[in-house]
Number of protein chains: 2
Amino acid sequence: MIWGAGQRLEFIEFRLFWEGAINRADLVEFFGISIPQASKDLALYQERAPGNMEYDKRSKRYVAAEQFVLRFLDPDPYVYLAQLRAVTEGAVPSHDSWIAELPRADVALTPKRDIDIGVLRKVLDAVREGASVEVFYQSMNKVRPDPIWRRITPHAFGYDGFRWHVRAYCHLEHRFKDFLLPRILEVGAKGEPGETGEQDWLWNNYFDVVIGPHPALTESQKKVVAKDYGLDHGNGVLSVRYAMLFYVLKRLGLLGDAAKQSAHTQHIVTINRKETEAALEKAELRL
Amino acid sequence: MIWGAGQRLEFIEFRLFWEGAINRADLVEFFGISIPQASKDLALYQERAPGNMEYDKRSKRYVAAEQFVLRFLDPDPYVYLAQLRAVTEGAVPSHDSWIAELPRADVALTPKRDIDIGVLRKVLDAVREGASVEVFYQSMNKVRPDPIWRRITPHAFGYDGFRWHVRAYCHLEHRFKDFLLPRILEVGAKGEPGETGEQDWLWNNYFDVVIGPHPALTESQKKVVAKDYGLDHGNGVLSVRYAMLFYVLKRLGLLGDAAKQSAHTQHIVTINRKETEAALEKAELRL
DNA sequence: AATTCACGTATATAAAATATACGCAAAAGA
DNA sequence: TCTTTTGCGTATATTTTATATACGTGAATT
């Protein structure tokens, strides 16, 4: 982490790099510093990174120069886009973001904000301490239509691209399972652990899914798909925890026979389909 | 934004709240301040938020008290989890995150990091200025197997849950389309805009997808699914831009006939299927 | 019993930021 | 065309914030 002035220099560079311009007022507003201090900061930036910006009297802003040499920032498109996404989804208030001019954006499907903060805190605590906790859990199980109390020993978190679950040893069923955080309605007393994360074979072991372009695509289309998915010689390998296999396949549209789907909507297929299905069964049945 | 000391108070509260403890050394390490200053900060925190922490001589750390009154932080599970996700995916270096003890976590499918930073910058610039740009774009179109230069007027960004695209007016095809950022290989000269975002009907208008629990589920399971998706009286409405409809449906597994899929993997179905398909066609064909 | 560690705190000093004031240049408005 | 407004720059005295250095405490560890 960096101290005040350094952070402001980084901020100046961020705005110049991603938004093309910065103002004295921008600094005053964002950091709550005085006007002279903002002037000093801008002067300091010019001294430290000469030639990166010039004052445009028309717009009354410093604009980024053509050739721009980064000095304080290591910018990353995915960091910028992650911020854009967080703000667009409402996860982060826009005044906390360094992005001033938010471009119009939309995210397909924003998760319902239904994780209880107290639940997450207590589960995190249990993971940290390696303890077990009682949870009042609503499962989808047919035999348990209503939520019940059960003891679990959580050890890791998983994100399926849409929702978060916790990976835990279930003291009721004597095996490791995933528990969706929004379905944990309450958390009760801590206690002695069951099995630890090291014993969770499905979590600790990986299966290699081999993927390739959909056979119905043309050669040139296959090339594009190969580039999209980073496939080297046509095929590519995805190393996935058994515990995450189902979610990965679902997300890639590979749960069924992908080749039977239209190549328009489904661009890739599984090459080692038999093995993948066996692995999936292994993961589902627990092993 | 907040100044140095305020940020450190917020940091103290963050660590106490999410990790249950904080140290003088934590402050020294993260902010690079001196030991006396860290002592002062902790003393100041105790003064401003009395009773929130107490010193545990065993672990030599301040630990969060049972009853914890937030004073400097407005914690949100999704903000915490977004951070966890960003670090787990490698989008953010872990020393930039306020989370010290990262719990074990995994994310199903991390996007390939193949967006060119210069491309994104220039596209952002064009969106900001309302200008058009030439892009060297690799499409999946059968008639255009190789990348070609085309002029577009971009106006918004879209995220389908996996990849980012830019929404733009295509000067070649005279209509609005999505352009995947990783497939923009180069960006050329800026120029006069084509049509603006206001003219993009598919972006500006919404279609209501009506969803409900999979019919093959039991009553109790349906209730769980209803809660999962925030459905009120069994069914729920998702208001989606036409331009994003395809991605939302794909993500929800609703592109085909969801009812034909196993209720085990597919929990919801589209109620207004006919209308949705018509809307999708409208969006695809452009209108 | 000795050592280690993390805490607290005091004092003098250094660095960072503010308040206040004034001047400049260009754009916008009368 | 003249005036006003706005945003930048900078100077000085002052306040706030943080550092360096030093010393003392108590509890856990060896």
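Hydrogens, waters and symmetry mates play no part in the numbers below; they use all other heavy atoms, side chains included.
- The separation between A/Lys57 atom NZ and D/dT5 atom C1' is 18 Å, rounded to whole Å.
- Taking atom NZ on B/Lys40 and atom P on D/dT16, their separation rounds to 14 Å, with Å as the unit.
- Across the protein-nucleic acid pair, A/Phe31 atom CZ and C/dA16 atom P stand 16 Å apart, rounded to whole Å.
- Considering B/Phe31, B/Phe72, B/Trp18 as possible partners of B/Phe11, the one that fulfils the ring pair (Phe, Tyr, Trp, His ring centres under 6.0 Å) test is B/Phe31.
- Between B/Thr196 and B/His155, the side chains place no donor N or O within less than 3.5 Å of an acceptor N or O (distance only, hydrogens not considered).
- A donor-acceptor pair shorter than 3.5 Å cannot be found between the side chains of A/Asp160 and A/His165.
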Produce the list of close N/O pairs, under 3.5 Å, pairing protein atoms with atoms of nucleotides 6-8 of chain C; give distances to one decimal.
from  : atom 1 : to      : atom 2 : distance (Å)
C/dC7 : OP1    : B/Asn23 : OD1    : 2.7
C/dC7 : OP1    : B/Arg24 : N      : 2.9
C/dC7 : OP2    : B/Arg24 : NE     : 2.9
C/dC7 : O3'    : B/Tyr62 : OH     : 3.1
C/dG8 : OP1    : B/Tyr62 : OH     : 2.1
C/dG8 : OP2    : B/Tyr62 : OH     : 3.4
C/dG8 : N7     : B/Arg24 : NH1    : 3.2

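- Nearer the 5' end of DNA chain C, as judged by each residue's closest nucleotide, is the contact made by A/Ile33, out of A/Ile33 and A/Arg58.
- Cation-pi geometry between A/Arg167 and A/Trp203 is not met: the NZ or CZ atom fails to fall both under 6.0 Å from the ring centre and inside 45° of the normal.
- Relative to the side chain of B/Pro36, the nucleotides D/dA18, D/dT10, D/dA20 differ in distance, and D/dA20 lies closest.
- Cation-pi geometry between A/Arg121 and B/Phe17 is met: under 6.0 angstrom from the ring centre, within 45 degrees of the axis.
- The distance between atom CG of A/Asp41 and atom P of D/dG7, rounded to the nearest whole Å, is 18 Å.
- Atom CZ of A/Arg8 is separated from atom C1' of C/dA16 by 8 Å (rounded to the nearest Å).
- A donor-acceptor pair is defined here as one N or O able to donate and one able to accept, closer than 3.5 Å; no such pair exists between the side chain of A/Gln37 and the backbone of A/Ser34.
- Here D/dT19 is the nucleotide among D/dT19, D/dA28, C/dT18 with the atom lying nearest to any side-chain atom of B/Ser34.
- Per the geometry, CD belonging to B/Gln37 stands 19 Å off P belonging to C/dT13, to the nearest Å.
- Rounded to whole angstrom, the span from the CG atom of A/Asp56 across to the P atom of D/dC8 amounts to 12 Å.
- Atom CZ of A/Arg113 sits in a crowded spot, with more than 12 heavy atoms from other residues, nucleotides or ligands closer than 6.0 Å.
- The distance between atom CG of B/Leu27 and atom C1' of D/dT19, rounded to the nearest whole Å, is 16 Å.
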